[in-house]
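Take a look at the structure below.
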Protein chains: 2
Amino acid sequence: MQISKGVEWAAHAAALLNGLPAGRGLKAEALARYHGVPAPYMAKQLQALSKAGITQTSRGAHGGYRLAKPADEITLWDITAAVDGPGPAFRCTEIRQNGPCGLKPEDCKRPCQIAAAFASAEQAFRDSLAAVSLADLAGQVVRDSEPDHLLAMMNWLSAEADPLSEKSA
Amino acid sequence: MQISKGVEWAAHAAALLNGLPAGRGLKAEALARYHGVPAPYMAKQLQALSKAGITQTSRGAHGGYRLAKPADEITLWDITAAVDGPGPAFRCTEIRQNGPCGLKPEDCKRPCQIAAAFASAEQAFRDSLAAVSLADLAGQVVRDSEPDHLLAMMNWLSAEADPLSEKSA
DNA sequence: TTAATTCAGACAATAGATATCCGAATAATA
DNA sequence: TATTATTCGGATATCTATTGTCTGAATTAA
């Protein structure tokens, strides 16, 4: 049981996008450089975010990524589901239907107790992540960071952020 | 993000062990056959359970596995942790220390907000699983199963379950 | 129209999970 | 008490999913 590394990267990238001024975007390469991670793989995660409607992309010259929704409407679960897939981590293989005492399929319309317990636990996991939005994260960062670090961030952003073209996919 | 198939098998195996009469055990091969899964891999999961103190094993002739504790003291989280490892699924790689605006290690004593949110979500997951014991599962099974299925199970168990020798590791 | 710059999907390398085997240990039996 | 059959336990291959990389398609500004 492990969560893909891409989820971490995507979450940090989304948090950074939230920090840039309205109407501006960052290209994938800049996001990767900021976080010190391989650019192509970071791009892959960003593509997943776009597919899920979390980010908006502009192609061509002066293209890049920006958030597609207000920060308080994007949760960590949204990002996790976009990158790692929304499916359940525990997949019941119905082994209760196997072996000498196997149940018949028509008696297995309800999930087995074990699968149900895991489904419930995963729901609790999702609910917990869904309670944290990018806006929440931003608030905590501003509160907890050293002032000079915030300044460095803003300097870097204003140097790298390009005004995006109007049309965006 | 996926939970190992072995967790499912181990959980079902433990639930079955809970069903057998006091003082009797099942060998790994029988547990595998009951569930229609490869015996060596099932054995691997059972070994993990033994290492974690969930099952007791007897080697040699008439050996086998039995539960090491009362069923209400064994939770699904215990089994999951034994098989899949107790470590966190989300592993923070501290990418906030990378790149042009990377933080210095001495400013990173507290986990970052994203890692903290995932840790909290995983705690909710664990708590949910820890709330379900083998005894709970057994009660539900008895309530929900067809009588003839319960009968078949008990017949099979009494045919396969051997009295364990006294000494057990 | 051109050319630069970007995203997007297809393609290897690697780590982890899956499945298997053989040796060590134990207890019943002769 | 020695033997032997039977069992678990850890070390060993295979296979899938994740990680990482690449080249081509699309778009926009000049």
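Reckoned from all heavy atoms, side chains included, excluding hydrogens, waters and symmetry mates. Sequence lines set the chain letters: A, B, ... in the order given, protein chains first and strands last, and positions in each chain run from 1.
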Legend entry - Non-hydrogen side-chain atoms of L129(A) and T75(A) separated by less than 4.5 Å: no
Legend entry - Below 4.0 Å: OP1/OP2 of dA8(C) and any side-chain N or O of T57(A): yes
Just the table, please: protein N/O against nucleotides 17-21 of chain D N/O, every pair under 3.5 Å.
| from | atom 1 | to | atom 2 | distance (Å) |
| --- | --- | --- | --- | --- |
| dT19(D) | OP1 | K5(A) | N | 3.1 |
| dT19(D) | OP2 | S4(A) | OG | 2.5 |
| dT19(D) | OP2 | Y41(A) | OH | 3.4 |

Inset, instruction - Anything under 30° is parallel, anything over 60° is perpendicular, the rest tilted; go ahead and classify F125(A) against F125(B). - result: perpendicular
Legend entry - Under 3.5 Å donor-acceptor, E122(A) side chain and F90(A) backbone: yes
Legend entry - Under 3.5 Å: donor-acceptor pair, side chain of S158(A), backbone of M154(A): yes
Inset, instruction - For a side-chain hydrogen bond (donor to acceptor under 3.5 Å, both in side chains) with T93(A), tell me which candidate from H35(B), E8(B), K5(B) qualifies. - result: E8(B)
Inset, instruction - Determine the contact category for A43(B): base if any of its heavy atoms lies under 4.0 Å from a base atom, sugar-phosphate if only primed atoms, P, OP1 or OP2 are that close, otherwise nothing. - result: nothing
Inset, instruction - Could you state the atom-to-atom distance from OH of Y65(B) to P of dT6(D) in whole Å? - result: 18 Å
Inset, instruction - To the nearest Å, give me how far apart NZ (K27(B)) and C1' (dA27(C)) are. - result: 15 Å
Legend entry - Whole-Å gap separating P (dC7(C)) and CG (L46(A)): 8 Å
Inset, instruction - Go through the side-chain N and O atoms of D127(A) and Q123(A) and say whether any donor and acceptor fall under 3.5 Å apart. - result: yes
Legend entry - Distance, rounded to the nearest Å, where H62(B) contributes NE2 and dA5(D) contributes P: 14 Å
Legend entry - Sub-4.5 Å side-chain heavy-atom contact between M42(B) and Y34(B): no
Legend entry - Donor-acceptor under 3.5 Å (Q113(A) side chain, V141(B) main chain): no
Legend entry - Nucleotide dC8(D), atom C1' - distance to NZ of K51(B) in whole Å: 13 Å
Inset, instruction - Can you check whether any acceptor in the base of dA24(C) is under 3.5 Å from a donor in the side chain of R59(B), or vice versa? - result: yes
Inset, instruction - Can you figure out which of dC7(C), dA8(C), dC8(D) approaches the side chain of Q47(A) most closely? - result: dA8(C)
Inset, instruction - For the helix from dT1(C)-dA30(D) to dA30(C)-dT1(D), measure the angle between the helix axis at one end and the axis at the other, each built from five pairs, rounding to 10°. - result: 10°
Legend entry - Residue pair P38(B) / W9(B), side-chain heavy-atom distance below 4.5 Å: yes
Inset, instruction - Check the distance between dG9(D)'s C1' and E29(B)'s CD and give it to me in whole angstrom. - result: 17 Å
